[in-house]
Number of protein chains: 2
Amino acid sequence: MAEKHELRDKGLRLTPQRELVLAAVRELEHATPEEVAEKVKLTHPGINLSTVYRNLETLENVGLVQHSHLGHGGVRYHASTEEIHAHLNCESCGTIIEVPIDATASFTQSLLDGYGFHTDLAHLAIAGRCESCFNMPEAPNKP
Amino acid sequence: MAEKHELRDKGLRLTPQRELVLAAVRELEHATPEEVAEKVKLTHPGINLSTVYRNLETLENVGLVQHSHLGHGGVRYHASTEEIHAHLNCESCGTIIEVPIDATASFTQSLLDGYGFHTDLAHLAIAGRCESCFNMPEAPNKP
DNA sequence: AAGCAACTGCAAATCTTTCGCAATTAGTGT
DNA sequence: ACACTAATTGCGAAAGATTTGCAGTTGCTT
Ligand SMILES: [Mn+2]
Ligand SMILES: [Mn+2]
Ligand SMILES: [Zn+2]
Ligand SMILES: [Zn+2]
């Protein structure tokens, strides 16, 4: 009954679809809307993709989920309850390394000092190559 | 005429469309394919958008231009001749602050030391808020 | 139980990027 | 200058991702 209040307290209705979307985002980390929809369909096959999109937007508006951009591809959602982290996204193999935001503090501070810029490292990923891909002559794949 | 050789050496042709696309990328900084097309149309109204896309890809393959992702929106292209820089993208007003890559060296080094990750800060922008937007109660706009 | 606004499913509309193909044309050699 | 050939272009259609209009359904309040 805990999440019942989470939604209602935000003035939202508690529909099965909405509950399931929130649960899916929490279980799948960094999931695309498509992936969320697949997950929800396991228990609620009739859900429509547009309902997933609308619920992701609604849940984001009330702060229960957040989106980030991990690379060339589309948006991904994660629960707000997760630790705030930056994403290192390997452009070769697609691996995502999570970096606690403290580890980036001195960098973001230097951007503030040097440019007056208040950095939000969680919103966009940091691109690059992971160790093993960097040591390879050719890129294994391009996700 | 330097790019003439760069193109021909790869077995590529120097067409008016291709020249104009390259020129447009060089003049417009951080331009979307759509913006490049608009610019080219000023002198070559008949150019097709798919031609612009194909030429941007071709020019990137030979290393004359590069793309980066600046925010929620689509891809943007800039000439390879520009200094390598990271982009600080204000999520409120859309302003882009360019940061020389040296200014980020200690951060990328720490990601290498801590995670074995070889960072490419030019490919994805860094999101956040510029000074003036940060000091505003409400976001002026969301580009 | 009734009423209403919020929500959902569905289909169609957008928007962005890609693709197939026939016609054109740049670069090469004659 | 002329011809040849493969690269390139324009065009329309296709594909993928996200949004929207609308009529019917349903959660929540009274
Ligand atoms: Mn990219
Ligand atoms: Mn975003
Ligand atoms: Zn990798
Ligand atoms: Zn700003």
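Computed from heavy atoms alone, side chains included, the values below leave out hydrogens, waters and symmetry copies. Quick caveat, the model's predicted, so the values are computed rather than measured. Numbered from 1 within each chain, the chains take letters A, B, ... in sequence-line order.
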Student: So, is B:Arg13 close to the D:dA6 phosphate, meaning a side-chain N or O under 4.0 Å from OP1 or OP2?
Tutor: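 No, outside the criterion.
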
Student: Would you mind reporting whether A:Leu14 and A:Glu19 have side-chain heavy atoms less than 4.5 Å apart?
Tutor: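 Contact flag for A:Glu19/A:Leu14 side chains = yes.
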
Student: In whole Å, I'd like the distance from the CG atom of A:Leu12 to the C1' atom of D:dC28.
Tutor: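 These atoms are roughly 13 Å apart.
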
Student: Measuring only between side-chain heavy atoms, which start at C-beta, is B:Val25 closer than 4.5 Å to B:Leu59?
Tutor: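 No, too far: nothing below the 4.5 Å cut-off.
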
Student: For the pair B:Ser80 (side chain) and B:Gly63 (backbone), establish whether a donor and an acceptor sit closer than 3.5 Å, ignoring hydrogens and angles.
Tutor: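 Judged by distance alone, yes, a pair lies under 3.5 Å.
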
Student: Hey, does the side chain of A:Thr104 reach the backbone of A:Phe107 with a donor-acceptor pair shorter than 3.5 angstrom?
Tutor: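 Absent.
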
Student: When you measure from every atom of DNA chain D, which of residues 52-68 of chain B have a heavy atom less than 4.0 Å away?
Tutor: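 Correct list: B:Arg54, B:Asn55.
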
Student: Give, ordered by number, those residues of residues 38-48 of chain B having at least one heavy-atom distance below 4.0 Å to an atom of DNA chain D; if nothing qualifies, reply none.
Tutor: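 DNA chain D contact set from residues 38-48 of chain B: B:His44, B:Gly46, B:Ile47, B:Asn48.
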
Student: Determine: side-chain N/O of B:Gln17 to OP1/OP2 of C:dA26, distance under 4.0 Å, yes or no.
Tutor: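 No.
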
Student: Name the one of A:His87, A:His78, A:Arg76 that satisfies side-chain hydrogen bond (donor to acceptor under 3.5 Å, both in side chains) with A:His30?
Tutor: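 Exactly one option meets the side-chain hydrogen bond (donor to acceptor under 3.5 Å, both in side chains) with A:His30, and it is A:His87.
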
Student: Side-chain N or O of A:Thr51 less than 4.0 angstrom from OP1 or OP2 on C:dG9?
Tutor: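 For C:dG9, OP1 or OP2 has a side-chain N or O of A:Thr51 closer than 4.0 Å.
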
Student: Side-chain N or O of B:Arg8 versus OP1/OP2 of C:dG27: is the shortest distance under 4.0 Å?
Tutor: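 Checking B:Arg8 against C:dG27: at least one side-chain N or O falls below 4.0 Å of OP1 or OP2.
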
Student: May I ask you to verify if any side-chain N or O of A:Thr15 is less than 4.0 angstrom from the OP1 or OP2 atom of C:dA6?
Tutor: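 Looking at the OP1 and OP2 atoms of C:dA6, neither is under 4.0 Å from any side-chain N or O of A:Thr15.
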
Student: Send over the distance from B:Arg76 CZ to C:dT17 C1', rounded to a whole Å.
Tutor: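 Distance check: B:Arg76 CZ to C:dT17 C1' gives 16 Å.
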
Student: Please give, in whole Å, the distance from D:dA17 P to A:His69 NE2?
Tutor: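 Rounded to whole Å, this separation is 15 Å.
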
Student: Between B:Val36 and B:Val62, is there shared hydrophobic-cluster membership here, with clusters defined by ILVMFWY side-chain heavy atoms closer than 4.5 Å?
Tutor: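 B:Val36 and B:Val62: one cluster.
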
Student: Hey, which sits more toward the 5' end of DNA chain D by its nearest nucleotide, B:Ser50 or B:Gly11?
Tutor: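 Closer to the 5' end of DNA chain D: B:Gly11.
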
Student: Are the side chains of B:Arg13 and B:Arg8 in contact, using a 4.5 Å heavy-atom criterion?
Tutor: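 Not touching, per the 4.5 Å side-chain cut-off.
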
Student: Between the side chain of A:Lys39 and the main-chain N/O of A:Ala24, is any donor-acceptor distance below 3.5 Å?
Tutor: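 A pair under 3.5 Å: no.
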
Student: Rounded to the Å, how far apart are B:Tyr77 OH and C:dT16 C1'?
Tutor: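 The distance from OH of B:Tyr77 to C1' of C:dT16 comes to 12 Å, rounded to the nearest Å.
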
Student: With a 4.5 Å cut-off on side-chain heavy atoms, are A:Leu121 and B:Ile126 touching?
Tutor: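 Yes, at least one pair of side-chain atoms sits under 4.5 Å.
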
Student: Can you measure B:Leu49 atom CG to D:dT9 atom P for me and round it to whole angstrom units?
Tutor: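 Rounding to the nearest Å, CG of B:Leu49 and P of D:dT9 are 13 Å apart.
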
